Amino acid sequence: MQISPSVLNADLASLADEVNRVRGAADWIHLDVMDNHFVPNLTFGLPVVESLLRRIDIPADCHLMIDDPDRWAPGFAEAGAGSVTYHVEAARRPRMVAKDIRAAGARAGVAVKPGTPISQIAGLVPVVDMILVMTVEPGFGGQSFMADMLPKVREARRLADSSDVDVWIQVDGGIGPDSIEQCAAAGADVFVAGSAIFGSADLAATITAFRAAALQARAGASAGGRA
Ligand code: DX5
Ligand code: ZN
């Protein structure tokens with residue numbers, strides 16, 4: 001069970017300092033790259049991530065909400081990100097993007113928007129390390145969790161379990177104390193949370209509590225048969 005805090009709703013003018021607030025507690029730092037084309041919002045791109053990675057030592061989990069990941073995704077891996085996730089909806093050659101990310105030394109993740117069925121990425125399982133099931137429409141932090149995405153989380157987990165490879169299931173959007181339990185019970189194992197972590201008084205305590213809640217929910221689901 002891993003927690004990946006998103007800096008989207010943190011103080012972006014002090015990005016490195018904000019990232020270091022979760023150092024020692026978080027497993028990853030989630031960096032939301034948005035291009036104002038694939039999503040309506042605009043955040044930061046490769047030059048900012050490259051600079052940031054020179055200032056932090058927590059593994060970076062880059063979530064690319066951009067057009068043409070075929071061109072851009074490998075650069076984030078080359079810059080030293082530990083994980084690079086692209087959207088299947090945006091990729092021209094989704095298999096090749098995953099292969100290029102891996103070849104550049106990062107874990108490859110593939111993301112699906114709420115309207116995209118898991119069947120669309122079924123063929124990619126052998127070449128990816130993570131499936132990101134979006135639990136809000138990508139673009140903004142602080143939105144409400146879409147509980148109707150839980151069946152997709154289960155489906156992604158079944159798909160991952162049916163393969164020989166170890167594929168993580170990540171959820172992103174509206175993750176907080178309640179939704180993290182539901183997602184963990186459904187089979188997610190990497191949890192992105194932005195406002196619920198950066199908006200809390202004690203970031204490390206929140207992260208620790210989230211991880212514990214996820215573990216407990218998973219244990220309960222395993223004992224009682226997965227919900
Ligand atoms: C939304 C981003 C998320 C966002 C999550 O498009 O991908 O990572 O920061 O923020 P919260 O946890 O506030 O929903
Ligand atoms: Zn994200």
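As the structure is a prediction and not an experimental result, all values here were calculated from the model. Atoms within a ligand are numbered from 1 in the order they appear, just like the ligands themselves. Below, all heavy atoms of this structure are taken into account, side chains as well, without hydrogens, waters or symmetry copies. In this chain, numbering begins with 1 at the start of the sequence shown.
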Nitrogen or oxygen contacts under 3.5 Å, ligand 1 side and protein side:
residue	atom	partner	partner atom	Å
ligand 1	6 (O)	G139	N	2.7
ligand 1	7 (O)	D32	OD1	3.0
ligand 1	7 (O)	H63	ND1	3.2
ligand 1	7 (O)	D172	OD2	2.9
ligand 1	8 (O)	H30	NE2	3.3
ligand 1	8 (O)	D32	OD1	3.1
ligand 1	8 (O)	D32	OD2	2.9
ligand 1	8 (O)	D172	OD1	2.7
ligand 1	8 (O)	D172	OD2	3.0
ligand 1	9 (O)	S6	OG	2.8
ligand 1	9 (O)	D32	OD2	3.1
ligand 1	12 (O)	G194	N	2.7
ligand 1	13 (O)	G142	N	2.8
ligand 1	13 (O)	S195	N	3.1
ligand 1	13 (O)	S195	OG	2.4
ligand 1	14 (O)	G174	N	2.8

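- Linking ILVMFWY residues whenever their side-chain heavy atoms come closer than 4.5 Å, directly or via other members, places I121 and V167 in the same cluster.
- D61 and H63 share no side-chain donor-acceptor pair at under 3.5 Å.
- Around the Zn ion (ligand 2), protein N, O or S atoms at less than 2.8 Å number 4.
- Remark: L64 CG to M34 CE distance equals 11.0 Å, nearest 0.5 Å.
- Atom CG of D164 sits in a sparse spot, with 12 or fewer heavy atoms from other residues, nucleotides or ligands closer than 6.0 Å.
- Around the CD atom of E137, the shell of radius 6.0 Å holds more than 12 heavy atoms that belong to other residues, nucleotides or ligands.
- When side chains are defined from C-beta on, N9 does not count as touching F198, because their heavy atoms never get closer than 4.5 Å.
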Worked verdict on R158 versus E155 for salt bridge (charged side-chain N to carboxylate O under 4.0 Å, His left out):
CA-CA 5 Å; R158 277 197 297 271; E155 211 183 325; 5.4 Å; no

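- No continuous path of ILVMFWY side-chain contacts below 4.5 Å connects V192 to M65, so the two sit in separate hydrophobic clusters.
- Heavy-atom contacts from other residues, nucleotides or ligands closer than 6.0 Å to CH2 of W28 number more than 12.
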